[in-house]
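What's counted below: heavy atoms across the whole structure, side chains too, no hydrogens, waters or symmetry copies.
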Amino acid sequence: MLAMRYGKNFIYIVFVIVLLVVACDTEPHTATITMNDGNEITIRNLNVTYYSSEAQFEQSVFATGELPIQVGSKEVINYKEGESYTISKVTQTFNTTWRIARFGEWASKYGLKSNRKYYVSTKVYTLNVVTPPSGLMICPKFYKENMGYPSMGGDIKTFDVIRSEADPSVTTFITYTRFVGYDDNKNRVDISIPQIKDTIKWRFLIQKNVWD
């Protein structure tokens, strides 16, 4: 009986080790690649994702982990209930995790080729503004031009509104586009999809804060 118990334990240990080895072997591989312009990017999943349509690509924004948002200077706005505002300015831009992608024929209008691979990421745009006084809230507008997508993706272009935990007097607007950074020869491409003309335009309405 003792030998049988030890035999079962041995089989169980071997089974666990096999599971761990398989799990580790199937984890997405990570690679750091130096591009021809000297910039280093980290690829956290070496699988190639194919995007058959422009909408599929541009709406698949993603951001993992804590964003390196800088809370410093902010736009000072004299908020009034019921009024609309437009601000054409960006506090900060940066890229999130990189992936490898291929595109359908739709990408030819951007000068991209369907038989090539590209290094892509999500580009993040932020704007810091003064937090509205108690009783008022910022309501982002939905619109098509000069705007990206919120963090949840989808087919509506708008932005997230996040009140800073580090400095509650600062509220940050955040929107996202997809970004084609380099081709498979490590040459810079530098295309945002959707394309932003000049700069991001943040359009929003000030309303009574029903949560106060």
Side-chain angles (χ1 to χ4, degrees), residues 22-69 88-127 140-160 173-203:
V22 171
C24 290
D25 190 55
T26 56
E27 280 292 311
H29 297 289
T30 298
T32 298
I33 303 173
T34 301
M35 297 302 171
N36 292 336
D37 61 2
N39 185 36
E40 286 189 351
I41 66 171
T42 298
I43 309 293
R44 301 197 182 281
N45 188 333
L46 297 181
N47 295 326
V48 179
T49 303
Y50 175 71
Y51 295 95
S52 60
S53 70
E54 183 173 1
Q56 180 193 14
F57 179 62
E58 73 171 44
Q59 293 172 15
S60 62
V61 297
F62 62 88
T64 58
E66 185 176 350
L67 298 177
I69 295 174
S88 301
K89 189 175 182 179
V90 172
T91 301
Q92 187 182 6
T93 62
F94 53 88
N95 295 313
T96 63
T97 306
W98 292 85
R99 300 280 194 268
I100 304 174
R102 286 182 55 245
F103 305 115
E105 291 296 333
W106 62 268
S108 61
K109 72 178 184 179
Y110 295 104
L112 306 175
K113 298 180 179 180
S114 59
N115 63 343
R116 299 285 297 275
K117 297 176 184 177
Y118 295 90
Y119 297 98
V120 304
S121 70
T122 293
K123 189 170 185 177
V124 183
Y125 305 77
T126 74
L127 174 70
K141 292 185 176 182
F142 305 151
Y143 49 98
K144 295 182 178 180
E145 294 183 355
N146 292 340
M147 176 50 56
Y149 291 89
S151 56
M152 296 301 292
D155 59 357
I156 297 177
K157 293 181 181 179
T158 187
F159 57 93
D160 299 325
F173 300 165
I174 310 173
T175 195
Y176 306 81
T177 65
R178 294 311 306 271
F179 179 71
V180 184
Y182 300 90
D183 63 21
D184 49 10
N185 287 326
K186 303 180 184 179
N187 295 317
R188 177 177 285 274
V189 176
D190 204 14
I191 296 175
S192 292
I193 301 176
Q195 292 188 311
I196 304 299
K197 298 178 181 179
D198 300 323
T199 188
I200 292 286
K201 294 185 184 295
W202 314 90
R203 298 179 175 93

Partner set under side-chain contact (heavy atoms from CB on, under 4.5 Å) for Ser52, not counting sequence neighbours: Tyr50, Gln56
Side-chain touch Arg99/Thr49, heavy atoms, less than 4.5 angstrom: no
Quick one: does any side-chain atom of Tyr182 pair with a main-chain N or O of Met35 as donor and acceptor, under 3.5 Å? no
Assess whether side-chain contact (heavy atoms from CB on, under 4.5 Å) is satisfied between Ile200 and Asn146, documenting all intermediate values. CA-CA 5 Å; Ile200 292 286; Asn146 292 340; 5.8 Å; no
From Phe142, Trp202, Tyr125, residue fulfilling ring pair (Phe, Tyr, Trp, His ring centres under 6.0 Å) relative to Phe159: Trp202
Is any side-chain heavy atom of Phe179 closer than 4.5 Å to one of Asp190? yes
To the nearest 0.5 Å, tell me how far Ile41 CD1 sits from Lys186 NZ. 9.5 Å
Is there a donor-acceptor pair closer than 3.5 Å between any side-chain N or O of Gln59 and the backbone N or O of Tyr149? no
In Å, rounded to the nearest 0.5 Å, how long is the span from OH of Tyr110 to CZ of Phe57? 9.5 Å
Any sub-3.5 Å donor-acceptor pair from Lys123's side-chain atoms to Thr177's backbone N or O? no
If you look at every heavy atom in Lys157 and Pro194, which pair is closest and at what distance? NZ-CB, 3.6 Å
I would like to know whether Asn39 and Asp37 meet side-chain hydrogen bond (donor to acceptor under 3.5 Å, both in side chains); could you show each step before the answer? CA-CA 6 Å; Asn39 185 36; Asp37 61 2; 5.0 Å; no
Hey, is the main chain of Met147 close enough, under 3.5 Å, to the side chain of Thr175 for a donor-acceptor pair? no
What distance separates Ile33 CD1 from Ile43 CD1, expressed to the nearest 0.5 Å? 5.0 Å
Show every salt bridge (Lys or Arg N to Asp or Glu O under 4.0 Å) that has at least one partner inside residues 173-183, sequence neighbours left out. Arg116-Asp183
Measure across Asn185 and Asn36 and return the closest heavy-atom pair with its distance rounded to 0.1 Å. O-ND2, 3.0 Å
Any donor-acceptor N/O pair, Asn95 side chain to Ser121 backbone, under 3.5 Å: no
Give me the atom names and distance for the closest heavy-atom approach of Ala101 to Val48. C-CG1, 4.1 Å
Should we say atom NZ of Lys141 is surrounded by more than 12 heavy atoms from elsewhere, each under 6.0 Å from it? yes
Glu58 meets the salt bridge (charged side-chain N to carboxylate O under 4.0 Å, His left out) criterion, sequence neighbours left out, with none
Got a sec, which residues hit side-chain contact (heavy atoms from CB on, under 4.5 Å) with Glu145, two or more places apart in sequence or on another chain? none
Using side chain to side chain contact (heavy atoms under 4.5 Å, CB included) as the criterion, point out the one residue from Thr122, Thr96, Val124 that pairs with Val61. Thr122
Counting distance only, does the side-chain N/O of Trp106 pair as donor-acceptor with the main-chain N or O of Ala55 below 3.5 Å? no
Go through the structure and list residues passing side-chain hydrogen bond (donor to acceptor under 3.5 Å, both in side chains) with Ser88, not counting sequence neighbours. Lys201
Rounded to the nearest 0.5 Å, the OH atom of Tyr176 sits from the OG1 atom of Thr126 at a distance of 10.0 Å
Phe103 versus Val120: any side-chain heavy-atom pair under 4.5 Å? yes
With sequence neighbours left out, the residues meeting side-chain hydrogen bond (donor to acceptor under 3.5 Å, both in side chains) with Tyr119 are none
Any chance you could lay out the side-chain contact (heavy atoms from CB on, under 4.5 Å) test for Ile174 and Ile69, step after step, and finish with the verdict? CA-CA 9 Å; Ile174 310 173; Ile69 295 174; 3.4 Å; yes
Taken to the nearest 0.5 Å, the spacing of Thr30 OG1 from Leu46 CG works out to 7.5 Å
Any heavy-atom pair between the side chains of Leu127 and Thr91 that's under 4.5 Å? yes
